[in-house]
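Have a look at the structure below before the remarks.
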Amino acid sequence: MSAPPVPRSPRILRRAVLGAACALAGGWAGAARPAVLLRFSHVVAPDTPKGQMALRFQSLVHARAGGRIRVEVHPASQLWGDDDEMEALRLGAVEMLAPSLSKFGMAGVPEFEVFDLPYLFADLAQVRRVTQGEVGRGLLQRLGRQQMLGLGFLDNGFKQMSAARPLRTPTDYRGLRVRVQASRVLGEQVRALGAQPVVLPFGETQRALASGVVDAAENPLSNFLTQGLAALQPHLTLTQHGYLGYAVVSHPRFWASLPSADRELLSEALAEALAHGNRLAAELDAQALATLRRTPGLQVHGLTPAERSALRRHLQTVYDGFQRSLGSALLKDVQQALDQR
């Protein structure tokens, strides 16, 4: 009797599917199709700023392309997840992504880790002085080093901390295992607070919290709400300690394969969709906070100015480490952009 098949993990299965998809795709120079297919994959829910931006982009393209371009939006890691989406882009298994800015550092563009520095931005207006200005344009251009074409930035909002207890002071973090993205800056941030960083894909966060693999997590309010984390984390502390945003990217080879008129159409539709998503970011954040304050079993804690200042002072070592690894020039450019009025 033959042995039963060995179960394969979801990650192994995803990589097998990725290999098969790329083999079938045959690159962008394959046989002509009646319409350009643009697959837009992302890892969050449709009712988040990124999810709504992608759907607006799809709607605008379909309304304007006259059937020449078909956009498929695949949310919530349905197509590719945090671990494999960039590989899928490079191999032609997807045409557009909007990864978190934190992911680009480990993907070979460490300058993007500047966005992970704690308490760097006071509000979204400051963020946009960076992303919509010369610094942001320069960062997008650097993505070309890793076979990615940077097309624009999208806000999600500021991150808050959740756990089984309030996290008001540095001592409250001691001994906790905190889920973070794969970012050296975020890892140093957690270690500076006396906690242990645990790198996990976004799609695995809920399960990790439920099983006790991690004790705490940092998320914008819209992600905390749409992922149902209130049922797992009874205390939400409004630390407002870090920014979470995205960069929309494509592959230079795919983009170059399009007629100039189609590139212009896609660029204009994406610019409008990003503006829509950025407007939604602040609105959905406020709506999520109102909903979470009414959620049974969840306690929402604000920080006093003194508590916030104490956390900022405690995290200064993260800035020191960033400047040692990348120098001070980028941080100076960011600070100049922040000081502009």
Side-chain angles (χ1 to χ4, degrees), residues 49-50 53 97-146 148-160 181 183-186 188-189 192 218 220 222 239-250 267 270-286 305 308-309 311-313 315-341:
K50 180 159 59 173
M53 180 277 294
L97 305 171
S100 164
L101 299 177
S102 301
K103 291 186 62 179
F104 292 109
M106 300 303 288
V109 194
E111 295 90 343
F112 273 78
E113 291 183 345
V114 71
F115 290 104
D116 290 332
L117 289 170
Y119 294 107
L120 178 63
F121 304 106
D123 51 36
L124 288 178
Q126 281 198 339
V127 172
R128 290 169 189 166
R129 288 180 203 147
V130 174
T131 57
Q132 307 303 319
E134 183 177 349
V135 174
R137 289 190 292 271
L139 288 170
L140 290 179
Q141 289 174 358
R142 287 175 174 149
L143 292 173
R145 301 193 312 231
Q146 298 299 325
M148 288 180 281
L149 177 68
L151 297 171
F153 290 96
L154 174 70
D155 297 328
N156 191 348
F158 287 92
K159 295 180 288 186
Q160 323 296 343
Q181 298 186 75
S183 159
R184 289 171 295 185
V185 168
L186 295 181
E188 288 303 313
Q189 169 188 280
E218 55 172 15
S222 61
T239 50
Q240 197 94 351
H241 63 280
Y243 168 74
L244 178 63
Y246 311 104
V248 178
V249 295
S250 186
S267 296
L270 182 60
E272 292 182 36
L274 289 172
H276 173 69
N278 284 334
R279 286 193 298 270
L280 277 178
E283 296 174 12
L284 293 179
D285 194 68
R308 193 176 303 277
S309 294
L311 282 172
R312 292 186 68 152
R313 289 194 302 271
L315 292 168
Q316 182 58 45
T317 57
V318 181
Y319 282 77
D320 299 337
F322 179 84
Q323 292 186 86
R324 281 195 301 271
S325 62
L326 284 177
S328 60
L330 176 58
L331 195 55
K332 287 180 180 177
D333 290 343
V334 170
Q335 193 60 57
Q336 286 179 357
L338 297 181
D339 292 340
Q340 293 174 357
R341 291 292 184 269

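Here, residue 1 is the first one in the sequence, and each next residue gets the next number. Predicted model, so just to flag it, every value in this text is computed and none were measured.
- Between His276 and Met53, the closest side-chain pair of non-hydrogen atoms is not below 4.5 Å.
- With sequence neighbours excluded, the residues forming a ring pair (Phe, Tyr, Trp, His ring centres under 6.0 Å) with Phe121 are Tyr243, listed by chain and number.
- A heavy-atom distance below 4.5 Å is not found between the side chains of Phe104 and Pro110.
- Annotation: the span from Phe322 atom CZ to Glu188 atom CD amounts to 13.0 Å, rounded to 0.5 Å.
- With sequence neighbours left out, the side chain to side chain contact (heavy atoms under 4.5 Å, CB included) criterion links Ala192 to Leu315, Thr317, Val318.
- With salt bridges taken as basic N to acidic carboxylate O contacts below 4.0 Å, none links Lys103 and Glu113.
- Looking at residues two or more places apart in sequence or on another chain, you find no ring pair (Phe, Tyr, Trp, His ring centres under 6.0 Å) involving Tyr246.
- Here the straight-line distance linking atom CZ of Arg279 with atom CG of Leu274 works out to 10.5 Å at 0.5 Å rounding.
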>> Asp285 vs Ser222, test: side chain to side chain donor-acceptor pair (under 3.5 Å). Steps then yes/no.
In response: CA-CA 6 Å; Asp285 194 68; Ser222 61; 5.9 Å; no

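- At least one donor-acceptor pair under 3.5 Å links the side chain of Gln126 to the backbone N or O of Ala122.
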>> Please determine whether side chain to side chain contact (heavy atoms under 4.5 Å, CB included) holds for the pair Phe158 and Leu244, giving the CA-CA distance in whole Å, both sets of side-chain angles, and the decisive distance to 0.1 Å.
In response: CA-CA 6 Å; Phe158 287 92; Leu244 178 63; over 6 Å; no

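- Separating the CG atom in Leu330 from the CD atom in Gln335 is a distance of 11.5 Å, to the nearest 0.5 Å.
- The side-chain hydrogen bond (donor to acceptor under 3.5 Å, both in side chains) pairs that include a residue from residues 320-330 number zero, where partners must be two or more places apart or lie in different chains.
- Looking at every heavy atom in both residues, Ser102 comes nearest to Gln181 through OG-NE2, 3.5 Å.
- Counting all heavy atoms, side chain and backbone alike, Gly157 lies closest to Leu124 at CA-CD2, 4.5 Å.
- In this structure, the side-chain hydrogen bond (donor to acceptor under 3.5 Å, both in side chains) partners of Arg128, at least two apart in sequence or on a different chain, are Asp155.
- The side chain to side chain donor-acceptor pair (under 3.5 Å) test with His241 is passed by exactly one of Glu218, Gln160, Lys159: Glu218.
- A side-chain hydrogen bond (donor to acceptor under 3.5 Å, both in side chains) check over residues 132-144, counting only residues at least two apart or in different chains, returns nothing.
- Residues Leu149 and Val249 form no side-chain contact, since every pair of their non-hydrogen atoms from C-beta on lies 4.5 Å or further apart.
- Rounding to the nearest 0.5 angstrom, the gap separating the CD atom in Gln189 from the OH atom in Tyr319 is 9.5 Å.
- Within the model, atoms OG of Ser183 and CG of Asp116 stand 3.5 Å from one another, a figure rounded to the nearest 0.5 Å.
- Looking only at side-chain heavy atoms (C-beta outward), Leu338 and Val130 come within less than 4.5 Å of each other.
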>> Run Asn278 and Phe153 through side chain to side chain contact (heavy atoms under 4.5 Å, CB included) and show every step you take.
In response: CA-CA 9 Å; Asn278 284 334; Phe153 290 96; over 6 Å; no

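- Residues Leu101 and Val114 fail the side-chain proximity criterion, which asks for heavy atoms closer than 4.5 Å.
- Closest of all the heavy-atom pairs between Leu151 and Ser250 is CD1-CB, 4.0 Å.
- For the pair Arg145 and Val109, the minimum side-chain heavy-atom distance is below 4.5 Å.
- Two residues are said to be in side-chain contact when any heavy atoms from C-beta on lie closer than 4.5 Å; Tyr119 and Arg308 meet this criterion.
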>> For Leu331 and Leu326: C-alpha separation, side-chain torsions, deciding distance, then whether side chain to side chain contact (heavy atoms under 4.5 Å, CB included) applies.
In response: CA-CA 9 Å; Leu331 195 55; Leu326 284 177; over 6 Å; no

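- Looking at every heavy atom in both residues, Phe115 comes nearest to Thr131 through CE2-CG2, 3.8 Å.
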